[in-house]
Protein chains: 2
Amino acid sequence: MAGNSSSPGTSVTSRVLALLGSFDDDHRGLTLSQLARRAGLSLPTAHRLVSELVAWGALTRRPSGRYVVGRRLWDIGLLAPLQTDLRQVASPFLHDIYAATLATVHLAVRDGTEVLYIDRLAGHASVPVVSQVGSRLPMHATGVGKVLLAYAPDEVREAVLTDLSRVTPYTFTQPGRLLAELRRVRTEGYAQTSEEMSLGACSVAVPVRSPDRAVVAALGIVVPSLKRDRGRLVAALQVASQGITRSLASALPLDESE
Amino acid sequence: MAGNSSSPGTSVTSRVLALLGSFDDDHRGLTLSQLARRAGLSLPTAHRLVSELVAWGALTRRPSGRYVVGRRLWDIGLLAPLQTDLRQVASPFLHDIYAATLATVHLAVRDGTEVLYIDRLAGHASVPVVSQVGSRLPMHATGVGKVLLAYAPDEVREAVLTDLSRVTPYTFTQPGRLLAELRRVRTEGYAQTSEEMSLGACSVAVPVRSPDRAVVAALGIVVPSLKRDRGRLVAALQVASQGITRSLASALPLDESE
DNA sequence: CAGGCTCCTTCCACTCAGTGAAAGACCAGT
DNA sequence: ACTGGTCTTTCACTGAGTGGAAGGAGCCTG
């Protein structure tokens, strides 16, 4: 570029994206200097780019001077197909499950080697749950994660098995044991966890299939303990899962004219 | 730039944003040429920029060759503060309302001179409703819109009053009549519509206040007709609205360290 | 109320990243 | 094989984008 040094190979586009990527769950409000630091940009550059982003509505400047993600970006994000369509179709079924079980309900998809939560439904006060819509968690320590892992391509499964980090004392960290569990998931059609992600929380999850039988998501609930009604919970989940599959048939085209 | 002509004053950033802005509710999957046309870019430029966006995860390329908004953009969008926090806090209350009324429930904020829907809760099959989460509708023809307009700054109200487009035969198109209605909203604390946005749909809405009494959102429901239970519906909404205000008190800090 | 700190903003000369025309590659109809 | 439509790649030119340096605006602390 000019003036002086500048990391060559860094396009303007990538700088803009680096700025957007600087925001995450733990950093939702950032000052200009923080943004510059996190994105690896000089202050003046960050300043100019950020100003353009604010003018367009991608970012918003708070009275405090901190920048946050803006509305325009929020509603463009909502146009992401899988997430939004699945959510929309699944939403009433998540309700049914909540009504039947009063447990926190989750809808999640696989994103690389992690679980991405795309919807969540919780009552006024429920079991403490780690997940947030839009957040990612490890696959091997969550119910929905095990389901998605059980039906994932081999290379994903291998990648995950090489890094079974311990989250609680009950987390499955031995590849063999997890593999056996995944086999069980495939034959029995549901996964469960017992305090493997957070203490005091157990979960059950089932796959959600598209009309062509491919597993596209997982549906799960979190409860304080699995007592003796695991069967009932699994049944509720499976009914909802099949309902979603049926609804998807009449809702997934997505290919437009002009 | 170079080569030849190029609209000067058009920064790379604005080109990237123009590409992102090319997506909307009716254009969620676009081909490269459509993107280039809509963003006002040459094909090669669009091609290069889009490739960068895809590489980063802001866009995704479908098997069909069409581009759609990607996951990365989706989850960055979720970091937008007002929307996400309000939603999260309000969600259980939307449920309560749904449980009590079985009507489609909406949570909306004002965005400029339009209503922006930030959450929506509907049963398996309800009254046909136009709104979508993330979509914008005119303020003067919706229940939540009237509420937000009633409490909006004067300049916004004036801007809206100059352009009262007719949506159905029942839409309020006379500024005087709407102004009177807004006064009524402020004194009585709720707004209503009768087939003003879409035929066969009526609505009731109330303001949602932050702990400091400012109106930050509106809560509304859509029903086939207002019959005689308007009072009951308004009461349900008001209870929920006050609940949200109370919950907001313990949830709105948003200012971080590093 | 100076002095030092951090944060934000503006200026400007230099130059390399980004540009679009043109041409090539690929389809699917006819 | 031709035609109209996509998408992709190349390339010489140049002005848009760059970061140092310097100027402000706060806000503590001594």
Side-chain angles (χ1 to χ4, degrees), chain A residues 1-23 27-56 58-68 70 254-258, chain B residues 1-23 27-56 58-68 70 254-258:
Chain A
M1 9 227 74
N4 194 333
S5 77
S6 87
S7 346
T10 315
S11 63
V12 179
T13 309
S14 73
R15 288 164 208 240
V16 169
L17 295 174
L19 282 171
L20 297 183
S22 302
F23 293 92
H27 303 272
R28 296 178 43 192
L30 297 169
T31 65
L32 182 61
S33 345
Q34 289 171 339
L35 270 168
R37 202 162 33 250
R38 290 171 68 87
L41 303 178
S42 72
L43 253 174
T45 300
H47 181 254
R48 195 167 22 78
L49 295 181
V50 164
S51 302
E52 286 196 72
L53 291 171
V54 168
W56 190 79
L59 302 182
T60 303
R61 185 159 200 187
R62 288 262 142 146
S64 64
R66 283 172 185 268
Y67 293 93
V68 294
L254 187 59
D255 264 310
E256 289 126 67
S257 40
E258 163 63 6
Chain B
M1 1 219 89
N4 193 333
S5 77
S6 87
S7 345
T10 315
S11 63
V12 178
T13 309
S14 72
R15 289 164 206 240
V16 169
L17 295 175
L19 282 171
L20 297 184
S22 302
F23 293 93
H27 303 271
R28 297 177 43 192
L30 297 169
T31 65
L32 182 60
S33 345
Q34 289 173 339
L35 270 168
R37 203 163 30 251
R38 290 171 68 87
L41 303 178
S42 72
L43 254 175
T45 300
H47 181 254
R48 195 168 21 79
L49 295 181
V50 164
S51 302
E52 286 196 74
L53 291 171
V54 168
W56 191 79
L59 302 181
T60 304
R61 184 158 201 190
R62 288 261 143 144
S64 65
R66 281 171 184 270
Y67 293 93
V68 294
L254 187 58
D255 264 311
E256 289 126 69
S257 39
E258 163 65 2

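Order of the sequence lines fixes the chain letters, A, B, ..., with proteins taken first and strands second; residue numbering starts at 1 for each chain. Just so we're clear, the structure is a prediction, and the values are computed from it rather than from any experiment.
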Close N/O contacts between protein and nucleotides 7-10 of chain C (under 3.5 Å):
unit_1	atom_1	unit_2	atom_2	d
C/dC8	OP1	A/Leu32	N	3.2
C/dC8	OP2	A/Ser33	N	2.9
C/dC8	OP2	A/Ser33	OG	2.2
C/dT9	OP1	A/Arg61	NH1	2.9
C/dT9	OP2	A/His47	NE2	3.2
C/dT9	O5'	A/His47	NE2	3.3

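No side-chain donor from either of B/Ser14 and A/Glu52 sits under 3.5 Å from a side-chain acceptor of the other.
Put simply, the side chain of A/Val12 reaches to within 4.5 Å of the side chain of B/Thr13, judged on heavy atoms. Using a 4.5 Å heavy-atom threshold, the side chains of A/Leu17 and B/Leu53 count as touching. B/His47 has its side chain within reach of B/Ser51: a pair of non-hydrogen atoms, C-beta onward, lies under 4.5 Å apart. Taking the side chain as every heavy atom from C-beta outward, B/Arg66 and B/Arg28 never approach each other to under 4.5 Å. Residues B/Val68 and B/Leu59 have side chains not in contact (no heavy-atom distance under 4.5 Å, counting atoms from C-beta outward). Looking at heavy atoms from C-beta onward, B/Leu35 lies in side-chain contact with B/Tyr67 at the 4.5 angstrom threshold.
Here D/dT9 presents its C1' atom at 12 Å from CZ of B/Arg48, a figure rounded to the nearest Å. The separation between A/Arg66 atom CZ and C/dT6 atom P is 16 Å, rounded to whole Å. Whole-Å rounding puts the B/Leu30 CG to D/dT6 C1' distance at 15 Å.
For the residue pair A/Leu43 and A/Ser33, the shortest heavy atom distance occurs at CD2-CA, 4.3 Å.
Considering only side-chain N and O atoms, B/Arg15 lies under 4.0 angstrom from the phosphate OP1 or OP2 of C/dT19.
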With both pairing distances under 3.5 angstrom for Watson-Crick or G-U wobble, and | for a partner in another strand, the correct string for DNA chain D is |||||.||||||||||||||||..||||||
